[in-house]
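One structure is given below, encoded as structure tokens.
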Amino acid sequence: MQYRPTEIEPKWQQRWAEARVAEIDVTAPGDKLYMLNMFPYPSGDLHVGHGRNYILGDAVYRYFRMQGRAALNPMGWDAFGLPAENAAIKRGTHPREWTLGNIARMKGQFARWGILYDWSKEIASCEPEYYRWNQWLFLQLYKRGLAYRGTAPVNWCPQDLTVLANEQVVDGRCERCGALVEQRELSQWFLKITEYADRLDAGLDTLEHWPEKVKLMQRNWIGRSLGADVDFPVPILEHSIRVFTTRPDTIFGATFMVLAPEHPDVQKLIGDLPEREEIEAWITTVRNQSALERQEAGKEGRFTGKTAINPFTNEEIPIWLGNFVLPQYGTGAIMSVPAHDQRDFEFAKQYGLSIRAVIRPTNGEPPVDEAFTVKDDSGVIINSGPIDGLTVPKAIERIIEIIQERGLGKGTVRYRLRDWLISRQRYWGTPIPMIYCEKCGLVPVPEDQLPVTLPLDVPFTGREGNPLAKHDVFVNVPCPQCGAPSRRETDTMDTFVDSSWYFLRFITPRDDERIFDSKIVDRWLPVDQYIGGIEHAILHLLYARFITRTLFDMGLLTFEEPFTRLFNQGVITKEGFKDTHGSWVSPAEVKVRDGKPYRGEEELTSEVTKMSKSRMNVVPPDELIAKFGADTERVYTLFIAPPEKEAAWSDEGVIGAYRFLGRVWNMGVAIIAAERKAESPSVQVTRKMHQTIDAVTSRIERFEFNTAISALMELSNTLGEAVQADGGAELRPAYEALLQMLHPFAPHATEELWSMLGNEGFVLTSKWPVADRALMAEDTVVIAVQINGKLRAQVEVAAPPDEQKVMDAVFANDKVRSHVSGKEIVKKIYVPGKLVNLVVR
RNA sequence: GCGAAAGUGGCGGAAUUGGCAGACGCGCUGGACUUAGGAUCCAGUGGCCCAAAGCCGUGUGGGUUCGAGUCCCACCUUUCGCACCA
């Protein structure tokens, strides 16, 4: 009987589905475990690169099931978003149809991979039952002043015709479409994530089981800096200008001040200048530049002709405007210390401003006024009156005290993080539940009128912005307070709002009374194991941590961190081909000659990149499954590389996984057919089995699937030899343990073999084997003998080895004796159980 | 520029605390079985060497140690993240 995966896989998929093996009653007692893969955007067909994420999650899920855990593994759809709308414009389908079609296809794909989800918990964020609670959440945030409408310079994508969050701008471009983002002054909806900056930063320290990399990325994004706000009097203004600095210790070296061109005092400062018009024109230019253009322009400034007073030196220092000072950060004004800050130094050099050193560096060299020195914590402060002689960190502490005593300012903490812009001028999203009334102003939709349903009958032209704004029935509504004709808000929410609490909804997905049941959620959350791509290291995970905290503050949750363990799988890469214009070429058109790729006569370049449709280097799983089966794809995907690392897909490599499963299969058939039966399996087989159980268990726990599978291959090789030698039915227990441990990776084949062996029930519901340490141990130990650090011999000693036994064996060994004869033994080093090193002279 | 991670055969990758480098797999070579082989099975496979013995070998150069892929210092390369955040 041959291994034919395509014949057995659909059968087992159907049996698992019929038995509803993955469905869980959240109110039933049990040793709970909440597993979660980040819910996907339903973009259509999945490729084997996507598969890695889900296969990995399923393997872990199956393992925990076999460990007896009550494991919940739900799945849903992050179903709102721009691609659906773009597809509607391009192909004339409705975003809803397009989205639901994709969901159906992806569900089928998950099934063919043999992935078990509790579909009774399925949610789709585009359904009113879900987004209703999105709106409810927004209203709670609004009530608490955490959602507000404000005018601010915002990122505008001219391609997608919508605003973007700061987090969605990458290198000055729209994260989605790549268009250059423009700065516009617009009135938009924001969530006050900045109010949680300190808690989001401090909370990172409690996340022991998160990758350091992700925590660091979040920490940098929040950008906490300690420093001081200091007021510099400005004679002409009759008020002071406040600056923020992280280096108050260098205040005696502040020789000028720079304001952002957007600073509110600019007009008053330049009003009387003859060159005023030129300066204003320059300011306009700078303001219209994107952040990227601003930086590329280099450092530029204009002198206001006015001075401020350095409150410590009492000197008059010139006030400049500079394009490198950011209006949104700190106070939009800085004190410049060119001797100790790179940017200030460049600016001072460019405009001939004075430089004064106030720190003597650690190396003791006398400081030079015309040079710049980097931050040096053991440097000593000079020329700075009361703080002279202190080291930098001490001086920072002391000067802040002095600033506060003299009423010049205060110590402050500032964050780089800015409020989260959540309104989008697009159709396919959660309507923001607000109404504009001429009399009452902004009026929230009353909670009992939720959901504000997204109308389906809108035209998709792709022009003139949001189609919702043209839907009269949707837009024109009476004011909930006074009944006067009013206008509904037509902006929709950023889809990251949807995904920042969905993991709570999975517990009680059909509850139409409340967003979730706090009591049950309290038992299941936080998520024990969260799995997803590193691309969400900042956006989604930061927003989810923020929303979780707001719900905590509302008294709905008892925890502040939603995800206990986080795992980020690496992407799968494959070779792709580019033509001379840099466009990707389908591999079907590529012919290889002399080891070089060609399309016709045109020589192509090849590049190994992330698997994606646009790069034409995807491997569709269905073809692979038709040829080798889903189990082969699963085993190969997890075997190819450590799961957190990038992995290169190799079509040739897949065969190795297939052969392995074929060997396991044939071995099973042979064991079932075996008539001979020895008394018991050989010591070698028993020992290997227990060693493998031990290794595979700990490796799965540590997410080292590639070496877990290699350990299973070793056991399979050992058993294969035993079958050749004895073919005995006594190998059954070891073989069954192999099947059990293989089950998370190759669920279909192991179920089939398990039932062929006559077992009742699923492997999935069987109990994970336990290693017997006594049977694992070897009865002899091979000890390496080194002489002067070089391997010279190996001796075998009965286990457990002790020093006396080992040394007796070592000196009885001929090779050792020939090497040490006539030499003096200086030192004997014995590493228990491993080796002996003799140092001779 | 700043920050982080990583450099091991032809390839993907193994190697708890420093202790036999290259597990496992792909590929390759030879063989078996075959009308056939891009199926299957067996053997071999880091380099130098006909082979053995031996020597060399984990990005480069130093260091610590009886012993270094692993620890320390300097450098090179690659990838990722941040990017005027005062």
Side-chain angles (χ1 to χ4, degrees), chain A residues 2 170-172 211-214 216-221 223-225 227-228 243-248 250 254 258 260 291-292 294-299 322-326 328-337 340-344 346-347 374 414-418 534 537-538 570 635-636 639-642 644-660 662-663 666 698 702 704 706-717 720 724 782-794 826-840:
Chain A
Q2 285 237 306
V170 178
D171 294 334
E212 287 304 319
K213 182 181 171 151
V214 173
L216 188 69
M217 282 167 71
Q218 293 222 352
R219 195 160 271 137
N220 291 339
W221 190 263
R224 182 177 196 269
S225 328
V243 303
F244 172 67
T245 177
T246 56
R247 296 296 306 279
T250 62
V258 188
L292 196 70
R294 247 194 216 207
Q295 197 171 340
E296 279 168 358
K299 289 199 176 41
N323 67 345
F324 69 102
V325 178
L326 303 172
Q328 321 89 311
Y329 185 75
T331 61
I334 60 165
M335 64 172 212
S336 276
V337 185
H340 305 294
D341 182 281
Q342 180 78 53
R343 296 151 302 185
D344 296 348
E346 281 171 31
F347 196 77
V374 293
R414 298 260 179 197
Y415 297 92
R416 200 191 85 120
L417 187 68
R418 292 203 262 296
I534 188 81
I538 297 172
V635 169
Y636 175 68
F639 178 66
I640 179 173
E644 70 281 4
K645 275 190 66 175
E646 197 174 87
W649 186 269
S650 140
D651 291 325
E652 298 84 54
V654 174
I655 195 79
Y658 184 66
R659 279 182 196 145
F660 166 55
R663 278 195 293 266
N666 293 337
S698 63
R702 293 197 299 262
E704 294 167 2
N706 55 330
T707 53
I709 291 170
S710 73
L712 291 171
M713 287 173 169
E714 285 185 48
L715 176 60
S716 155
N717 291 344
Q724 290 282 313
V782 176
I783 306 240
V785 183
Q786 296 182 344
I787 294 167
N788 283 347
K790 291 211 155 114
L791 180 70
R792 295 296 180 187
Q794 298 191 344
V826 180
K827 210 170 174 184
K828 294 181 204 168
I829 296 153
Y830 174 60
V831 178
K834 282 188 175 163
L835 64 75
V836 167
N837 190 11
L838 306 175
V839 184
V840 299

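Both backbone and side-chain heavy atoms feed into the values below; hydrogens, waters and symmetry mates do not. In what follows, every chain begins at residue 1, and chains take the letters A, B, ... in the order their sequences are listed.
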Problem set entry | Atom P, compared across B:rC72 and B:rU29: separation rounded to whole Å | 43 Å
For this session: For nucleotides B:rU8 and B:rG69, find the distance between their C1' atoms and express it as a whole number of Å.
Result: 7 Å
Exercise. Think A:N220 has a side-chain N or O under 4.0 angstrom from the OP1 or OP2 of B:rA83?
Worked result: no
Exercise. With a 4.0 Å cut-off on heavy atoms, is A:V654 in touch with a base, just the backbone sugar-phosphate, or nothing at all?
Worked result: nothing
Exercise. How would you label the contact of A:E646 with the nucleic acid (heavy atoms, under 4.0 Å): base, sugar-phosphate, or nothing?
Worked result: sugar-phosphate
Exercise. Toward the 5' end of RNA chain B, which comes first, A:V831 or A:A657, by nearest nucleotide?
Worked result: A:V831
Exercise. If you take atom types as modelled and just measure distance, does the side chain of A:K213 reach the base of B:rC80 with a donor-acceptor pair under 3.5 Å?
Worked result: no
Exercise. Which part of the nucleic acid does A:N706 contact within heavy-atom distance under 4.0 Å: base, sugar-phosphate only, or nothing?
Worked result: sugar-phosphate
For this session: Go through the N and O atoms of the side chain of A:Q342 and the base of B:rG1, and report whether any donor-acceptor pair is under 3.5 Å.
Result: no
For this session: Determine the contact category for A:L326: base if any of its heavy atoms lies under 4.0 Å from a base atom, sugar-phosphate if only primed atoms, P, OP1 or OP2 are that close, otherwise nothing.
Result: base
Exercise. Base, sugar-phosphate, or nothing for A:L835, non-hydrogen atoms under 4.0 angstrom?
Worked result: base
Exercise. Who are the side-chain contact (heavy atoms from CB on, under 4.5 Å) partners of A:E704, not counting sequence neighbours?
Worked result: A:R699, A:R702, A:N706, A:T707
For this session: Mark yes or no: A:K299 above the aromatic ring of A:F347, with NZ or CZ under 6.0 Å from the six-membered ring centre and no more than 45 degrees from the axis.
Result: no
Problem set entry | Nearest listed nucleotide, side chain of A:M713, among B:rA86, B:rC84, B:rC24 | B:rC24
Problem set entry | Residue A:F639, side-chain atoms from C-beta onward, closest of B:rG25, B:rC84, B:rA86 | B:rG25
Seminar exercise, completed: Among the nucleotides B:rG12, B:rG19, B:rG13, whichever has the atom closest to the side chain of A:K645 is B:rG13
Exercise. With sugar-phosphate meaning primed atoms plus P, OP1 and OP2, does A:E652 contact a base, only sugar-phosphate, or nothing at under 4.0 Å between heavy atoms?
Worked result: sugar-phosphate
Exercise. Is the glycosidic torsion of B:rG9 within 90° of 0, making it syn, or is it anti?
Worked result: syn
Exercise. Of A:P642 and A:F324, whose closest RNA chain B nucleotide lies nearer the 5' terminus?
Worked result: A:P642
Problem set entry | Contact state string [nucleotides 28-45 of chain B, B base, S sugar-phosphate only, - no protein heavy atom under 4.0 Å] | ------------SS----
Seminar exercise, completed: Picking from B:rA86, B:rG25, B:rC82, the nucleotide nearest the side-chain atoms of A:R416 would be B:rC82
